[in-house]
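Quick note: numbers below take in every heavy atom, side chains included, and nothing from hydrogens, waters or symmetry partners. Just so it is clear: chains get the letters A, B, ... in the order the sequence lines come, proteins before strands, and each one is counted from 1.
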Amino acid sequence: MVWGCLRTRCSSSIHYLKQVRFLSVALSPHLEFYPYKSHAYHYSSCANDCSTDEIDLHTLHAKVIKVGSLQNLDMGNHILNLYVKSQNLGHAQKVFDDMLNRDVRTWTILISGFARVSSGGTVLKLFREMQNEGVCPNQFTLSSVLKSCSSLNELNLGKEVHGWIVVNGIVFDSVLGNSLLDLYVKCEDFGYANKLFESMRERDTVSWNILIGGSLHIGDVDKAIELFRSLPFKDVATWNTVIDGLMQDGFERTALELLYEMVKNGPLFNRFTFTIALALVSSLSILELGKQIHGRVLRFRIHVTGLIQTCLINMYCKSGKLDKASIPFRETVACDRKENSEAFCLQPLTDIVSWSTMVSGFVQNGEYEDALKTFTYMVHEQVEVDLFTVTSIICACANSGAFELGRQVHALIEKSGHRIDAHLGSSLIDMYVKCGNLEDAWMIFKQTNDGNIVLWTSMISGCAMHGQGRKAVWLFECMISEGITPNEVTFVTVLTACSHAGLLEEGSRYFRLMKEVYGIHPGVEHFTCMVDLYGRAGRLKQAKNFIHENGLSQMSAVWRSFLASCWLHKNIEMARWVSEKLLHLNSLDAGSYVLLSNIYAIEHRWDEAAHVRSLMQQRGVKKHPAQSWIQIKNQVHAFIMGDRSHPQDAEIYTYLDKLIGRLKEVGYSSDVHLVMQDVEGEQGEMLLGVHSEKLAIAYGIISTSSRTPIRIMKNLRVCNDCHNFIKYTSLLLDREIIVRDTHRFHHFKYGHCSCGDYW
DNA sequence: TTAGGGTTAG
């Protein structure tokens, strides 16, 4: 999936880059960053924002003030309560401040209002003020305060409240008892929680649900299931809690079984069940079940709010059904998507999470253009943008090489003063790495300074991608010494680094470390890395033995890697043997077909070479045409082999011809072995001479000053001859040339490449 | 008492 945009959507790339430029201009005046979750509610202070009911409430409020009744305690409490119920806490606070007479109800109404919107800090502040004024809290006040303590992890204050309740002889009803139980469970103080649970006289289903949810939260699945099974009456929340908790703990299959059991024998779904069920089928990617749940939402006439809509969008996106994640701005944003009559019609997106889900859905499915278009639309429509959206957009920039846009979004994040968290940091590192700027990737890495494994893995991968294998290994060692546990992806990246840098011993050691110390079972990716490690180092026999010893002969990816090594080390006989094996397994990818065809071409077996190509056609294997890009003064210039469409083509070809002549004088010679067509000698050399990367480089040289580094991108691997050509060019012209291919970067300088001719 | 979106490799 690397560089998906470049590899699979060549024709639209220029259009897309124009879009990027347009977006860059559009961005600056509108983009604002909203703090995480700040959209949960808002203080409405403008009459224009109010509903009819709110306007009536304001009218009533004004009348009450006019006749001086606000100082009547009951009337004041009534108005305050109405504002709290309409979640207009700005006005509620104002009424509260204006009231000269307040009683415990006054304080409780306001405190419970803030507790309901999870504004715990305000709740605790008000509670302190209330105590200072000598007002004695009641059960409702205490429940709200405890709720805020548990959401803010304020265990000590909660314990203080608990003590106060005991000292003052307040009766524990089920609500107060459950609030306290929830506090201990949320703060993971299970000693207190269990003691309290046992001592509670008024235990209800809610008490059990809190304990079940808490057990799942700390990963005690057995205890949770035991409690769940022993509970004679299970309400809908019990089912929801246990299904969601199991899913969060990674027991998705068990969660699914319980969902089926719930459908059969349990209570009817509520809104929570729908969102949990949709999240479950998203993570399991069971589209059919997801559709059934969606059908149930419609059948039950559940009002599709932002939350359920987000879950629906996410479910369809995770199943790769972007059309079904139907969106109202389809015509505007995804204009090239076909209308699907079966598509479920969703509501207009009014919720920031739904928008960012849609953006990430496009990114996860490799549709970077649509992600950027949606983002542009959001910016233009002044929809709030938060860290989630930005993280996805940076990811889109990384994978499509939109460096300028990525940099601008980064600048705006800095300007907004937002802290860069591990998710965004990893995304930014990846963007700078994939756009060829390793220095800025390091800067983000140091600045983020987090023990997050993805952050470290991104940086290790960055070093590997830029040919700095030893540095990648060093960073890996630093990470281990800091006590950070590597995951399976980290091992893929460090093994890749070893294989690309020829670090045979280190690679073998890390493979053992992964299994023996970290207990990670090697997957096909790790085995492939190991075969690559031996193969690239020329240990073909060792690689072959590794495949047999580990029982990998059915893994076609492993053989494909081995094939590339055979080719690299010019062991044509072995390469043919592997290719034919893969051909019979029907597991060749486009690259391997081309390789096999090349092998036959080298041996002048033209009929067999032609047969391979016809097999490719019969089996529908598509080879993407090679294409290279160079950006000159904000303009992207794309070239394919033998391209004559560029306005300056005459100049490019004349210069290239002259350059090849000069290079030959200093030792460069064309490697005609790699010509796929059945042509020989001069004609083959001629075809090599017009490979897309040579054209892009020639254009770069004639269009820039002599000291400017030349950066080009390619949608396939660089061929041997072009690699050689670029090395000589960097030496002859004393020019730095940086090439990004499908998997990595090549930094050419003084006739050498950072990959050490190992790619 | 229970529910939503973002990051790393091949």
Side-chain angles (χ1 to χ4, degrees), chain A residues 1-2 36-37 147 150 174-175 178-179 181-182 185-186 204-214 216 235-245 247-248 270-280 282 305-315 317-318 351-361 363-364 386-395 398 421-431 433 448 452-462 464-465 486-497 499 523-529 532 557 560-561 742-743:
Chain A
M1 207 195 83
V2 190
Y36 178 61
K37 298 273 182 197
K147 185 181 173 186
S150 80
S174 60
V175 176
N178 286 338
S179 301
L181 184 64
D182 183 53
V185 164
K186 289 255 168 64
D204 58 12
T205 348
V206 176
S207 328
W208 286 81
N209 294 349
I210 292 169
L211 217 56
I212 293 172
L216 287 164
D235 65 8
V236 64
T238 322
W239 289 90
N240 292 343
T241 305
V242 79
I243 293 170
D244 184 50
M247 176 176 59
Q248 304 292 345
N270 68 4
R271 310 183 64 78
F272 287 82
T273 326
F274 281 111
T275 52
I276 293 164
L278 285 168
L280 180 62
S282 298
T305 56
L307 216 138
I308 291 186
Q309 185 171 34
T310 306
C311 295
L312 285 168
I313 293 171
N314 194 31
M315 186 267 293
C317 287
K318 290 267 158 60
D351 179 288
I352 181 178
V353 186
S354 298
W355 280 93
S356 73
T357 306
M358 202 60 242
V359 171
S360 77
V363 175
Q364 283 158 5
D386 65 6
L387 285 187
F388 285 82
T389 333
V390 168
T391 304
S392 296
I393 282 302
I394 292 290
C395 182
D421 68 3
H423 286 263
L424 180 57
S426 309
S427 229
L428 282 166
I429 290 174
D430 191 47
M431 186 270 291
V433 162
T448 315
N452 178 285
I453 184 59
V454 181
L455 202 73
W456 283 79
T457 306
S458 305
M459 200 59 236
I460 293 170
S461 165
M465 219 177 262
N487 64 19
E488 62 281 6
V489 180
T490 322
F491 277 106
V492 173
T493 59
V494 77
L495 290 174
T496 307
S499 123
V524 63
E525 303 86 357
H526 304 103
F527 285 128
T528 309
C529 284
D532 202 48
R560 279 200 289 268
S561 160
T742 40
H743 290 105

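Of the candidate nucleotides B:dA9, B:dG6, B:dT8, B:dT8 has the atom lying nearest to any side-chain atom of A:S458. Of the candidate nucleotides B:dT1, B:dA9, B:dG6, B:dA9 has the atom lying nearest to any side-chain atom of A:D430. Closest approach to the A:L387 side chain among B:dG6, B:dA9, B:dG5 is made by B:dG6 (side chain taken as heavy atoms from C-beta onward). Each of B:dT2, B:dT7, B:dA9 was ranked by its minimum atom distance to the side chain of A:N240; first place goes to B:dT2. Nearest to the side chain of A:V454, among B:dT1, B:dT8, B:dA3, sits B:dT8. Of the candidates B:dA9, B:dT2, B:dG6, the closest approach to any side-chain atom of A:A237 belongs to B:dT2. Of the listed nucleotides (B:dT2, B:dT1, B:dT7), B:dT2 has the atom at the smallest distance from the side chain of A:N270. Here the nucleotide nearest the side chain of A:L307, chosen from B:dT7, B:dT1, B:dG4, is B:dG4. Of the candidate nucleotides B:dG4, B:dT8, B:dT1, B:dT1 has the atom lying nearest to any side-chain atom of A:N209.
Within the nucleic acid shown, A:T391 comes within 4.0 Å of at least one base atom, counting heavy atoms only. Within 4.0 Å of A:D421, counting heavy atoms only, lies at least one base atom of the nucleic acid. At a threshold of 4.0 angstrom between heavy atoms, the contacts of A:G245 with the nucleic acid are absent. Looking at heavy-atom distances under 4.0 Å, A:N178 makes no contact with the nucleic acid at all. Among the heavy atoms of the strands, none lies under 4.0 Å from A:T528.
Between A:L455 atom CG and B:dT8 atom P the separation is 12 Å, expressed in whole Å. For the pair A:I394 CD1 and B:dT8 C1', the computed distance is 15 Å after rounding to whole Å. As rounded to whole Å, 11 Å separates atom C1' of B:dG4 from atom CG of A:D244. One interatomic measurement links the two molecules: CG of A:D235 to P of B:dA3, which rounds to 14 Å at whole-angstrom precision. At whole-Å resolution of the value, CH2 in A:W239 and P in B:dT1 are 22 Å apart. Atom CD1 of A:I429 is separated from atom P of B:dG6 by 19 Å (rounded to the nearest Å). The distance between atom CD1 of A:I453 and atom C1' of B:dA9, rounded to the nearest whole Å, is 12 Å. Distance CG (A:N487) to P (B:dA9): 11 Å, rounded to an integer number of Å.
Formation of a donor-acceptor pair under 3.5 Å by the A:D204 side chain with backbone atoms of A:S207 is found in this model. Checking side-chain atoms of A:N314 against main-chain N and O of A:T310 turns up no donor-acceptor pair under 3.5 Å. A:H423 places no side-chain N or O within donor-acceptor distance of the main-chain N or O of A:L387, the cut-off being under 3.5 Å.
Taking 4.0 angstrom as the limit, A:K318 places a side-chain polar atom (N or O) nearer than this to OP1 or OP2 of B:dG6. Remark: A:Q309 is not in phosphate contact with B:dA3, judged by side-chain N or O atoms under 4.0 Å from OP1 or OP2.
Between the side chain of A:D386 and the base of B:dG6, no donor-acceptor pair under 3.5 Å is found. On a pure distance criterion of 3.5 Å, a polar donor-acceptor pair joins the side chain of A:T310 and the base of B:dG4. Residue side chain A:T357 does not reach the base of B:dG5 through any donor-acceptor N/O pair under 3.5 Å, judged by distance alone.
If you run side chain to side chain contact (heavy atoms under 4.5 Å, CB included) between A:T391 and each of A:V363, A:L424, A:D386, only A:L424 comes through.
A donor-acceptor contact under 3.5 angstrom links the side chains of A:N487 and A:T490, judged on distance only.
Here the OG1-CG distance, from A:T275 to A:N240, works out to 7.5 Å after rounding to the nearest 0.5 Å.
Contact detail for A:S461 and A:T493: the closest heavy-atom pair is CB-CG2, 3.6 Å.
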